[in-house]
Amino acid sequence: MGKRVNVVKKVFEEFSGCTDLKVVIACRSDYLQGGEGSEALFLQPKSRGVALETVWVCPLEMSNKALVDRYIDHYVSEYEHGWDKEDYERALASIPELGEIIRTPFVLKVTLSALPGLFDRRAKHSDLKVTRHNLYKEYAKQWSDREWDKADSRSEIMQKLAALGLDDENYRVHYLEASKLLAKEMLLENQNHLTCTGGNGVFGREPFSMRGTSRFVEEGGYWLIRGCPTHLHLTRKKTSESLHFSFIHDTLRSFFLSEETYEQVTDEDGGDQPPEGLSLGLMTESREDVREHVDLVLQDAVYKEKLFDLVRASRTSTDTKTLTAAANAATILVAAREAFSGLDMRSIKIPGASLRNGIFHRTDFTEADLSGVDGSHGLFSETLLEGAKLEEMIFREYP
């Protein structure tokens, strides 16, 4: 699943004309929704929401104590964070919301890695919320610390990183900015991995500044990427090298992209252009991207209001990117359970947004463009829809 496309549509195209065919699609559980059905990546083409049957073969539930204990035992034996098994058990029991956050082995590993540092921060900042986004942020810091310590033991690597401006005080910032840039580049290429062949594209620009005239390991940009939580694979030929990399888990791509988007949206001097993270495609096919933004909405009221501003900005615009950003902003706000009840949403344009399970009691959608919107399971009580575009909008309940 290298490209973020509708998987089922791709399968239909590959096996067009075949009969009596049964297909099993194996994937990470991140691509599947729990409970009600399937992630949009698994929707049948032109089905308007009819998904294939999906099965979680190996879901991870915190209630499965025996399985969780095995993961904790293994983690404590392999990594040193100053906590023993009993410390982790007490911490996990004290934060009930972790039951909703931890649904995969990777997220459990991230949680076990991040909890000691997160608890230290909560001791100083009692209002710090435990969200998956904050767990990932702590995990990314720890990754940067480990890679910086490794680089510090080799003077030739430190010289290359110093030439890029890294030092003991700012290396975390540099690694974070590089990770955000890589996540944005993946979005622009609609990929969850990237390939570098010399100093091409983003790799030839700052902060990587790879010249492509030498081996990758001799480039400072290579060691900067090493500080990001990525998988690296180097392919050598007689006269050239190719560097292939992806984040160690695709949810980290979602995390870094949301960090980049958050910074752009909340930047008062960011200009009038919608951020790439919200404007290059609808998020209805990327549940993990939406989830990261939901965490940011829940912990920052300013970000929430900025997203409402993006929705309202669509009123007077015909720009495709502005309308896409508005649709995605509405999708995120509804997913964060922000009620639209009583709000003036006249003339907004959010085609293709997901308003599923939203609350729109007495919301004024007069002359709004709601074409292609998924409003299933939503509460549309006394909602004003006069003159609104409702082509292909879904209201009905699914069995």
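Because the structure is predicted, anything quoted here is derived from the model rather than measured.
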Should the pair [X]-[Y] be classified as a salt bridge under the 4.0 Å nitrogen-to-oxygen rule?
| X | Y | result |
| --- | --- | --- |
| R346 | D344 | yes |
| E97 | K129 | no |
| R132 | E292 | yes |

Does [Y] offer a backbone N or O that forms a donor-acceptor pair with the side chain of [X] under 3.5 Å?
| X | Y | value |
| --- | --- | --- |
| K349 | S317 | yes |
| T230 | F245 | no |
| E260 | K184 | no |
| T331 | S354 | yes |
| D289 | M283 | no |
| N192 | D250 | no |
| N170 | D167 | yes |
| Q142 | S144 | no |
| N328 | A325 | no |
| H244 | H233 | no |

Pairing residues for W148 by the side chain to side chain donor-acceptor pair (under 3.5 Å) criterion, not counting sequence neighbours: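 Only D168 meet the side chain to side chain donor-acceptor pair (under 3.5 Å) criterion with W148.
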Cluster check [X], [Y]: I/L/V/M/F/W/Y, side chain < 4.5 angstrom:
| X | Y | answer |
| --- | --- | --- |
| F360 | L390 | yes |
| V294 | I359 | no |
| V173 | F208 | no |
| V110 | L176 | yes |
| W143 | Y222 | yes |

Please name the pair of heavy atoms, one in [X] and one in [Y], separated by the smallest distance, quoted to 0.1 Å.
| X | Y | answer |
| --- | --- | --- |
| L355 | A330 | CD2-CB, 4.1 Å |
| R253 | A183 | O-CB, 3.8 Å |
| T284 | G352 | CG2-O, 3.4 Å |
| A327 | L282 | CB-CD2, 3.8 Å |
| V297 | E338 | CG1-OE2, 4.2 Å |
| L252 | P229 | CD1-CB, 4.0 Å |

Working for side-chain hydrogen bond (donor to acceptor under 3.5 Å, both in side chains), residues E276 and Q264: CA-CA 9 Å; E276 292 94 337; Q264 289 181 296; 3.0 Å; yes
Look up atom [atom1] in [X] and atom [atom2] in [Y], then write down how far apart they are to the nearest 0.5 Å.
| X | Y | atom1 | atom2 | value |
| --- | --- | --- | --- | --- |
| F203 | E185 | CZ | CD | 6.5 Å |
| D319 | S314 | CG | OG | 11.0 Å |
| E206 | L164 | CD | CG | 9.0 Å |
| E78 | L112 | CD | CG | 13.0 Å |
| L384 | R362 | CG | CZ | 9.5 Å |
| E263 | T261 | CD | OG1 | 10.0 Å |

Please examine the side chains of [Y] and [X], heavy atoms only from C-beta on, and report whether any two atoms are closer than 4.5 Å.
| X | Y | answer |
| --- | --- | --- |
| V68 | I102 | no |
| E156 | E218 | no |
| R226 | I157 | no |
| R172 | D145 | yes |
| Y71 | P105 | yes |
| M345 | D364 | no |
| R356 | S376 | yes |
| D69 | E89 | yes |

Heavy atoms from other residues, nucleotides or ligands near CD of E169 exceed 12 (cutoff 6.0 Å): no
Over 12 foreign heavy atoms within 6.0 Å of CD, E382: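 Atom CD in E382 is packed in, count exceeds 12.
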Among F247, Y175, Y136, Y139, ring-ring contact (aromatic ring centres under 6.0 Å, His included) partner for F256: F247
Intermediate values then yes/no, side-chain contact (heavy atoms from CB on, under 4.5 Å), I350 and L370: CA-CA 6 Å; I350 53 171; L370 305 180; 3.7 Å; yes
Side-chain donor-acceptor distances from residues 301-313 under 3.5 Å, at least two apart:
from, atom 1, to, atom 2, distance (Å)
Y303, OH, H293, ND1, 2.7
K306, NZ, E268, OE2, 3.3

Could you pull out all donor-acceptor pairs under 3.5 Å where a side-chain atom in residues 115-124 meets a protein atom, sequence neighbours excluded?
from, atom 1, to, atom 2, distance (Å)
R121, NH1, E138, OE1, 3.2
R122, NE, L128, O, 3.4

Derivation and outcome, side-chain contact (heavy atoms from CB on, under 4.5 Å), residues H174 and L161: CA-CA 10 Å; H174 279 270; L161 291 173; over 6 Å; no
Trace of the side-chain contact (heavy atoms from CB on, under 4.5 Å) decision for L323 with D369: CA-CA 10 Å; L323 303 193; D369 184 353; 5.6 Å; no
Parallel, tilted or perpendicular, as decided by the 30° and 60° cut-offs, for the rings of F106 and H249: parallel
Ring geometry between F380 and F365 (parallel below 30°, tilted from 30 to 60°, perpendicular above 60°):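 Tilted: the ring planes of F365 and F380 meet at 30° to 60°.
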Audit row: L280, L188, side-chain contact (heavy atoms from CB on, under 4.5 Å) steps and yes/no: CA-CA 8 Å; L280 295 184; L188 294 172; 3.2 Å; yes
